Amino acid sequence: MPEAPGAMREAAAAAPEAHREALEYIERVTAGAGQVQRRVLAEILAQNAPAEYLRRLGVAGDAPGAAEAFLRAAPLVTYEDILQDVLRIANGDTSPILSGKPIREFLTSSGTSGGERKLMPSIADEMDRRSLLYSLLMPVMSQAVPGLDKGKCMYLYFVKAESRTPAGLPARPVLTSFYRSRHFLERPHDPYTVYTSPDEAVLCVDAYQSMYAQLLCGLVHRADVLRVGAVFASGFLRAIRFLEKHWQRLCRDIRAGTLDAEITDRSVRAAVERVLRADPALADAVEAECAKPSWEGIIRRVWPSTKYIDVIVTGAMAQYIPTLEFYGGGLPLTCTMYASSECYFGINLNPMCKPSDVAYTLIPTMGYFEFLPVSSAAAEPHHRDLVDLVDVKLGHEYELVVTTYSGLYRYRVGDVLRVAGFKNQAPMFNFVRRKNVVLSIDSDKTDEAELHAAVAGAVQHLAPFGASLVEYTSYADAATIPGHYVLFWELRGGGATPVPASVFEDCCLAVEETLNSVYRQGRAADRSIGPLEIRVVSEATFDKLMDYALARGASINQYKAPRCVRPGPLVELLDGRVQARYLSPKCPKWSPGGGKQWSSNAAAAVTKAADINAGSGAVVA
């Protein structure tokens with residue numbers, strides 16, 4: 001339901017001086033969301049008037065009536081539609097192709113094209129908009145949780161080593177870009193955002209050293225930690241698993257006041273040694289909790305003053321909620337913002353709500369937002385189907401379409417959102433899903449077509465033994481840390497010689513080798529995804545799966561086996577008929593940049609990273 005118009009104004013009046021301006025800003029831009037959006041579109045078109053892309057559409061961005069001309073002429077686009085323009089910029093064409101301002105970097109998306117990461121153009125001004133959105137988070141949160149200026153936050157942040165295009169432009173994840181920027185490194189002191197992690201540890205590209213140093217500093221400041229978090233839920237759980245594996249070593253460092261010799265990065269050592277002192281009592285306290293047989297509630301036990309866990313648990317990350325609740329011991333899970341490589345979108349104005357109730361209010365100054373009704377998106381969509389920000393309907397689902405200052409025009413982000421309410425004129429959205437994504441563990445996104453192609457290739461290993469695939473489905477198993485893909489295979493035939501276990505292991509690896517570079521990087525470099533598993537099920541298992549669906553009202557004429565199943569009765573049915581399990585024997589091949597060329601024959605691929613992300617996903621979902 002729409003929020004009472006005066007609620008935010010009353011909160012702003014009662015807020016600390018430092019937060020009052022931010023709360024008033026939210027009130028102002030949401031109250032006039034329609035007008036703000038019209039102004040934003042006019043600004044984008046005027047700024048980008050020299051852009052070749054707009055000229056192709058016949059739109060003079062700085063002329064009277066530019067907005068109307070744009071809305072009449074601009075088509076809906078996907079990444080493939082702008083790929084040639086992106087490649088021209090990446091290869092050194094400095095003419096105004098997409099933007100009237102110079103492209104300063106590319107932000108590597110977790111989405112892929114041709115198996116490689118997408119590149120989103122970004123101008124220098126975008127950092128100011130991102131910083132603005134970040135500046136709104138604590139003023140909102142402090143309304144729900146008072147006293148956050150009296151302690152520290154243990155947020156585990158990580159960077160990926162950047163690559164460069166042939167023209168020398170950086171290509172890196174959006175959070176790496178932010179953590180390396182002056183906006184982050186030269187931030188003024190704010191009692192509401194005092195981090196336990198030194199900047200040197202955040203910027204260390206060695207995954208082990210970065211994680212070790214950040215957790216050690218978090219333990220040193222144990223008594224002062226009021227909140228903990230990472231970007232994605234999956235990343236925070238990897239940190240807990242790291243603590244579970246290395247707590248004895250960390251306690252030894254705290255007891256002696258000396259840093260482990262394996263931390264060799266000089267800047268990291270110097271930063272940690274500034275806060276590390278011999279503290280046997282602290283070491284005993286941490287050791288007493290970590291040595292207990294159960295780690296249920298370990299976060300609250302190790303950091304007893306913690307008020308909440310700040311991680312993304314919407315979309316694919318929702319699968320980690322039960323595990324977070326186990327380790328959190330009842331601590332609230334908060335989702336504070338919604339952003340992507342394409343654009344930063346909005347914030348959660350009720351951050352202490354249940355994960356299932358999270359709704360993001362789009363801040364209308366971030367970009368120009370339009371919405372494609374999901375019913376239209378199922379057919380051949382047209383820009384005439386688009387709905388303005390202030391005209392969306394409560395309870396309806398839409399695909400998000402964005403026009404940005406950096407030169408994306410009516411770009412289909414691929415996120416499906418449901419209208420949950422309104423903040424003044426600005427809608428509040430539940431994140432429903434990514435379009436076409438079947439499997440996701442971390443920042444990876446595997447769609448049905450890609451999965452099917454990988455399985456079709458892998459089953460060729462069975463042919464010499466007379467075996468073939470009857471049917472299959474998949475499952476993102478988040479019960480393990482890190483999570484991993486599971487394929488349920490039902491087979492037919494088989495000659496006199498049984499299929500050796502090694503062949504099934506080859507099938508596992510063959511699937512992984514065929515999946516996109518984001519998945520392979522997660523497996524081989526980031527170690528954020530575990531080995532793929534094939535579970536062979538007994539004969540007629542998929543008949544049982546169909547019987548289950550028909551018993552619940554499915555039409556036999558329309559039924560088809562699901563390509564992905566979620567935790568619950570279907571997984572239980574499948575697991576109850578498993579005859580054998582096989583894991584991929586090694587990591588798939590992955591190399592920074594993927595060996596691709598910057599040409600029209602390659603999707604724009606740059607993901608130069610070593611083992612640098614053992615702690616958190618690097619792109620906001």
Side-chain angles (χ1 to χ4, degrees), residues 44 48 51-57 59 73-123 126 162-174 177 340-343 367 372 377 380-381 383 399-415 434-437 443-447 449-450 453 515-521 592-608 619:
I44 291 172
N48 295 335
E52 176 187 321
Y53 186 92
L54 289 178
R55 294 201 308 272
R56 286 186 220 142
L57 298 178
V59 175
L76 287 162
V77 300
T78 64
Y79 185 71
E80 286 67 28
D81 295 318
I82 63 169
L83 178 57
Q84 296 307 313
D85 290 327
V86 168
L87 292 174
R88 285 173 58 193
I89 298 168
N91 281 299
D93 189 332
T94 58
S95 64
I97 299 171
L98 293 173
S99 170
K101 290 190 174 182
I103 301 300
R104 296 301 187 191
E105 65 179 344
F106 285 105
L107 302 177
T108 55
S109 170
S110 59
T112 59
S113 174
E116 303 298 339
R117 289 184 187 265
K118 299 175 183 177
L119 292 180
M120 297 299 152
S122 185
I123 60 176
E126 283 299 334
E162 66 187 52
S163 183
R164 290 189 177 267
T165 73
L169 295 173
R172 52 197 176 186
V174 62
S177 172
S340 74
S341 302
E342 293 88 344
C343 182
L372 184 65
E380 281 296 325
H383 70 263
E399 180 186 347
L400 178 58
V401 177
V402 66
T403 297
T404 71
Y405 287 87
S406 289
L408 297 178
Y409 305 97
R410 284 186 161 168
Y411 182 88
R412 299 176 66 177
V413 175
D415 292 350
R434 286 282 298 177
K435 281 195 65 184
N436 303 323
V437 171
S443 59
D444 54 298
K445 296 177 176 68
T446 299
D447 63 32
E450 182 180 9
L515 295 179
N516 62 72
S517 68
V518 180
Y519 174 89
R520 288 182 282 112
Q521 181 181 343
K596 301 289 185 181
Q597 301 298 314
W598 294 93
S599 71
S600 59
N601 295 323
V606 282
T607 49
K608 187 163 188 174
V619 177

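As a basis for the values below, the full set of heavy atoms in this structure was taken, side chains included, without hydrogen atoms, waters or symmetry mates. On a predicted model such as this, the values are computed, not experimentally measured, just so you know. Heads up: numbering here begins at 1 and tracks the sequence.
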Evaluate the side-chain proximity of [Y] to [X]: yes if any heavy-atom separation is below 4.5 Å, no if none is.
| X | Y | value |
| --- | --- | --- |
| V86 | I89 | no |
| L169 | E162 | no |
| F106 | S122 | no |
| N48 | Y405 | no |
| E399 | P381 | no |
| I82 | Y409 | no |
| S406 | S99 | no |
| L408 | M120 | yes |

To check you understand the geometry: which heavy-atom pair defines the closest contact between [X] and [Y], and what is its length?
| X | Y | value |
| --- | --- | --- |
| A51 | G100 | CB-N, 4.5 Å |
| V401 | R412 | CG2-CG, 4.3 Å |
| A74 | R410 | O-NH1, 2.8 Å |
| R56 | D85 | NH2-OD1, 2.7 Å |

Main chain of [Y], side chain of [X]: is a donor-acceptor contact present, judged purely on distance under 3.5 Å?
| X | Y | value |
| --- | --- | --- |
| E105 | S177 | no |
| Y79 | L119 | yes |
| T165 | N91 | no |

Roughly how far, to the nearest 0.5 Å, is the [atom2] atom of [Y] from the [atom1] atom of [X]?
| X | Y | atom1 | atom2 | answer |
| --- | --- | --- | --- | --- |
| L98 | I123 | CG | CD1 | 11.5 Å |
| E342 | K118 | CD | NZ | 7.0 Å |
| L400 | C343 | CG | SG | 8.0 Å |

Test side-chain contact (heavy atoms from CB on, under 4.5 Å) applied to P75 - qualifying residues, sequence neighbours left out: Y53, L57, V77
Salt-bridge contact K435-D415 (side-chain N to carboxylate O under 4.0 Å):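 D415 and K435: not salt-bridged.
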No-hydrogen, no-angle side-chain donor-acceptor test under 3.5 Å, S95 and E52: no
